[in-house]
Q: 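Would you mind keeping the following structure in view while I ask a few things?
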Amino acid sequence: MRIQKTIILLLAALAIIPMSCKRVLDLEPTDKVQADQLFSDPEGVKVYMANLYYQLPIEDFTFFRQGINFNSGDPNNGGFAPAMVTDEAMHTEFGDFIGNDDFKWWEQGYKLIREVNLMIDVIPTLSINEADKKALIGESAFIRAYAYFSLAKRYGGVPLIKGSQPYGTPESLKVPRSTEKETWDFVLQECDLAIENLGTDKGRRANKYTAYALKSRAGLHAASLAKFGSRAPLTGDAVTQKFVGLDASLAAGYYEASIKASEAIMSSGQYGLFRPNPASPSEAAENYRLLFESPNSAPEEAIMIKGYALPGTNLGHNYDIWYQPAQLANGWPHPGRMNPTLDLADTYESYTDPGKSAPIITTQDGQLGDYNGYDPNKNYRRYDTPNEIFKDKDARLWGTAVLPGTTWKNTPIIIQAGYVKPDGQAVIRTKDQITISGQTYHTYGAANVTQYSGFDTYGGNNTRTGFSFKKFLNQQKPVVAGWNQSTNDFMEFRYAEILLNYAEAVAESGSGNSAAAAKALNDVRKRAGHTVDEPLTTENVQRERRVELAFENKRFWDLIRRREYHTLFNNRSMHTLLPLQDLRALPQTKYIFVRVVVPNTNPRTFETRNYYRYIPGIGTNGLVQNPQY
């Protein structure tokens with residue numbers, strides 16, 4: 001059963017449940033109606049399970065700061081994605097950072113838990129064979145583990161409700177917070193229950209290896225919190241009562257859980273990297289792009305896919321309308337809103353000097369720290385094309401971002417911030433033109449706003465970092481100017497993440513098979529066209545996570561779990577690469593590049609309280625609030 005058919009199945013569910021004209025006060029409790037009527041039919045069970053899958057807190061194309069599955073009829077949030085509060089990207093207009101109400105998942109979480117608990121309670125009573133019962137037990141445990149994982153990484157220790165609650169007085173429904181340790185332990189226990197009961201068939205529903213993948217991710221998250229929690233000490237009642245925080249001594253056990261879960265997938269023979277041995281970096285770039293445009297073409301790598309096969313409300317998503325370069329808007333008024341940062345581009349390696357980040361050098365003296373703008377007295381490196389400066393950069397940059405002057409959807413994408421006049425003076429980020437020897441040059445690279453994709457502030461639709469976005473976007477179809485029209489699918493778990501989870505857990509814990517972990521790390525790099533192995537170190541693993549998993553909504557949580565946010569974002573600015581047409585070299589046109597702070601933005605500081613989200617409704621639910629709220 002495909003998740004994207006959920007709405008159709010739910011409509012069918014309404015037909016299963018008899019309706020009447022009784023007054024509201026005469027209706028039986030909802031849980032009775034579901035158990036007695038919906039679950040009495042095997043098709044009703046399928047409908048119910050489809051609804052549970054739909055509610056899974058998968059942080060995909062519909063994950064925004066307003067919440068998860070944010071793709072209603074008009075999900076207008078201006079295209080502000082979680083990547084834009086990390087060092088991966090900036091929005092074309094907004095400079096918002098993390099607010100108290102962002103990325104929460106509380107009410108929706110306990111709604112899902114209530115409904116999966118009802119499923120778990122009723123499974124023994126169903127008139128189905130034992131194999132099907134076992135599968136439902138496994139799927140339900142996976143869903144409950146996933147729900148509590150999403151709560152734990154946001155709130156720490158939370159109320160653990162392990163069975164459906166009978167209706168009674170409000171006081172009888174209150175459940176106190178468990179410790180953070182108890183919560184993470186329950187997540188891993190539920191993963192084990194899922195592993196024990198699930199089979200190995202591949203599809204859109206959870207299997208044994210999907211549960212292993214969740215355990216790999218959750219174990220690594222908990223281990224990181226235990227090891228690195230002291231980097232950002234918190235105080236208050238929630239800390240004293242251990243509702244937040246994990247003792248450092250727990251790290252080894254959680255790392256071991258992650259390692260063993262990863263090894264189970266790696267040794268299964270069921271999964272592998274998509275096209276792991278490219279013949280060239282250019283082939284590697286295209287393979288990487290295809291992996292995300294069409295994950296169904298990579299069954300060896302995709303461990304769990306969330307489907308978006310149907311356009312429309314609550315079915316499709318909006319990545320193509322928000323994030324295509326402005327030149328390809330096709331009538332949509334606000335494209336080009338995901339701007340990869342120079343900070344991210346600097347992270348990618350160079351094939352000529354592998355094993356470390358290769359920041360983009362723009363001047364002959366190689367200076368990187370000057371963000372003061374164009375200086376006519378500087379000796380800039382000159383290039384024949386707007387993208388020659390990226391010539392030897394890791395293929396994944398080419399597969400993730402639309403670089404200046406490259407072709408996307410058979411269209412040369414013009415990203416230019418200005419030009420340098422023959423006298424050495426520059427016109428930057430100002431719409432202007434100059435005619436020299438009968439040839440007219442434009443600051444933004446073309447005359448008309450529909451002909452370029454960079455730096456003009458018109459409509460807030462042009463990149464202001466020097467990079468546009470490519471990963472996940474559909475190259476085969478034009479943009480459809482309407483809500484929720486994108487239908488490419490999302491890989492929630494994929495094999496490359498498992499390899500990197502494994503490498504990190506071994507590197508950080510000092511236990512496990514270090515040779516196998518180094519191979520896992522370098523296998524991911526080889527798929528990107530690298531031919532030189534690098535050693536297994538924490539720095540190498542984290543750099544690899546940044547470039548391999550970019551824009552998959554992992555970076556936010558990596559900074560959270562490793563307690564690095566408050567040090568990396570302490571009055572920090574993001575950075576831009578300005579491509580300038582250098583008219584001093586006429587009759588031959590050259591390009592130079594200038595490193596600057598992203599225009600019209602303020603520095604960002606991460607508050608340590610944001611390592612946990614605030615718990616809503618404590619005035620009525622009686623729970624202890626998280627620190628500093």
Side-chain angles (χ1 to χ4, degrees), residues 1-3 5-20 22 24 26-58 69 107-151 158-170 172-175 186-187 189-199 201 203-208 210-211 214:
M1 174 183 48
R2 295 168 70 88
I3 296 173
K5 295 181 180 177
T6 299
I7 301 301
I8 297 171
L9 292 172
L10 291 177
L11 292 174
L14 294 177
I16 294 171
I17 302 174
M19 306 299 289
S20 74
K22 291 183 179 181
V24 173
D26 294 332
L27 291 176
E28 295 181 0
T30 302
D31 63 339
K32 297 289 186 183
V33 173
Q34 290 174 330
D36 295 346
Q37 299 175 3
L38 182 60
F39 292 144
S40 65
D41 188 315
E43 291 304 311
V45 175
K46 291 181 181 179
V47 168
Y48 197 84
M49 185 60 73
N51 184 39
L52 297 181
Y53 272 101
Y54 179 76
Q55 294 180 69
L56 274 178
I58 293 175
N69 287 331
E107 292 88 351
Q108 304 96 318
Y110 279 102
K111 177 180 181 294
L112 175 56
I113 288 166
R114 181 176 66 247
E115 294 181 7
V116 75
N117 281 342
L118 180 59
M119 179 83 237
I120 291 169
D121 288 349
V122 82
I123 289 172
T125 71
L126 297 176
S127 298
I128 55 177
N129 63 50
E130 291 304 311
D132 288 343
K133 283 186 179 180
K134 189 174 182 181
L136 286 177
I137 290 170
E139 287 184 279
S140 299
F142 170 78
I143 291 169
R144 190 159 66 174
Y146 202 119
Y148 275 110
F149 168 61
S150 294
L151 288 169
V158 298
L160 296 178
I161 302 173
K162 301 179 182 180
S164 57
Q165 295 176 291
Y167 284 82
T169 64
S172 70
L173 298 177
K174 290 182 179 179
V175 177
F186 184 65
V187 170
Q189 290 165 15
E190 288 292 280
C191 287
D192 288 338
L193 181 61
I195 291 164
E196 178 185 347
N197 285 278
L198 287 169
D201 290 346
R204 294 301 175 93
R205 294 167 72 157
N207 67 17
K208 185 183 300 290
T210 314
L214 176 58

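Count residues from 1 along the sequence.
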Q: Looking at L198, is its backbone amide N or carbonyl O close enough to the side chain of K208 to form a donor-acceptor pair, meaning the two atoms are under 3.5 Å apart?
A: yes
Q: I need the minimum non-hydrogen distance between Y48 and E115, along with the two atoms involved.
A: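 Here Y48 and E115 meet closest at OH-O, 2.8 Å.
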Q: I need the I137 CD1 to K134 NZ distance, nearest 0.5 Å.
A: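 NZ of K134 is found 9.0 Å from CD1 of I137.
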Q: Please step through side-chain contact (heavy atoms from CB on, under 4.5 Å) for the pair I113 and L151, ending with a clear verdict.
A: CA-CA 11 Å; I113 288 166; L151 288 169; 3.6 Å; yes
Q: Which of these, N207, L214, I195, sits in a side-chain contact (heavy atoms from CB on, under 4.5 Å) with F142?
A: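 Filter result, single survivor: L214.
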Q: Given 3.5 Å as the limit, does a donor-acceptor pair link the side chain of R114 with the main chain of I161, or not?
A: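 A pair under 3.5 Å: no.
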Q: Answer yes or no: is there a side-chain heavy-atom contact under 4.5 Å between P159 and K174?
A: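 P159 vs K174: side chains apart.
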Q: As a test of understanding, state which of I120, D121, V116 forms a side-chain contact (heavy atoms from CB on, under 4.5 Å) with S164.
A: D121
Q: What pair of heavy atoms forms the shortest contact from R144 to G163, and how long is it?
A: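 Minimum heavy-atom separation between R144 and G163: NH1-N, 4.4 Å.
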Q: Listed by chain and number, what are the salt bridge (Lys or Arg N to Asp or Glu O under 4.0 Å) partners of K133, not counting sequence neighbours?
A: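 So K133 forms a salt bridge (Lys or Arg N to Asp or Glu O under 4.0 Å) with E130.
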Q: If only atom types and distance count, is the side chain of T125 paired as donor or acceptor with the main-chain N or O of V122 below 3.5 Å?
A: yes
Q: Starting at CD1 of I128, measure out to CG of L136 and round the result to the nearest 0.5 Å.
A: 4.5 Å
Q: Hey, does R205 have a side-chain heavy atom less than 4.5 Å from the side chain of T210?
A: no
Q: For the CD1 atom of I123 and the CD atom of E139, what is their distance to the nearest 0.5 Å?
A: 9.0 Å
Q: Look up atom NZ in K111 and atom CD in Q108, then write down how far apart they are to the nearest 0.5 Å.
A: 9.5 Å
Q: Sub-3.5 Å donor-acceptor pair from the side chain of N117 to the main-chain atoms of Q165, do we have one?
A: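 Side chain of N117 to backbone of Q165, a donor-acceptor pair under 3.5 Å: no, none is there.
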Q: P57 and L112: which non-hydrogen atoms are nearest, and at how many Å?
A: CD-CD2, 4.1 Å
Q: Is there a donor-acceptor pair closer than 3.5 Å between any side-chain N or O of Y53 and the backbone N or O of I143?
A: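 No: the side chain of Y53 does not pair with the backbone of I143.
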Q: Atom OH of Y146 and atom SG of C191: how far apart are they, to the nearest 0.5 Å?
A: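 Y146 OH to C191 SG: 11.0 Å, rounded to 0.5 Å.
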Q: Is the side chain of Y148 donor-acceptor paired with the backbone N or O of E190 at a distance under 3.5 Å, no angle test?
A: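 Checked: no pair found.
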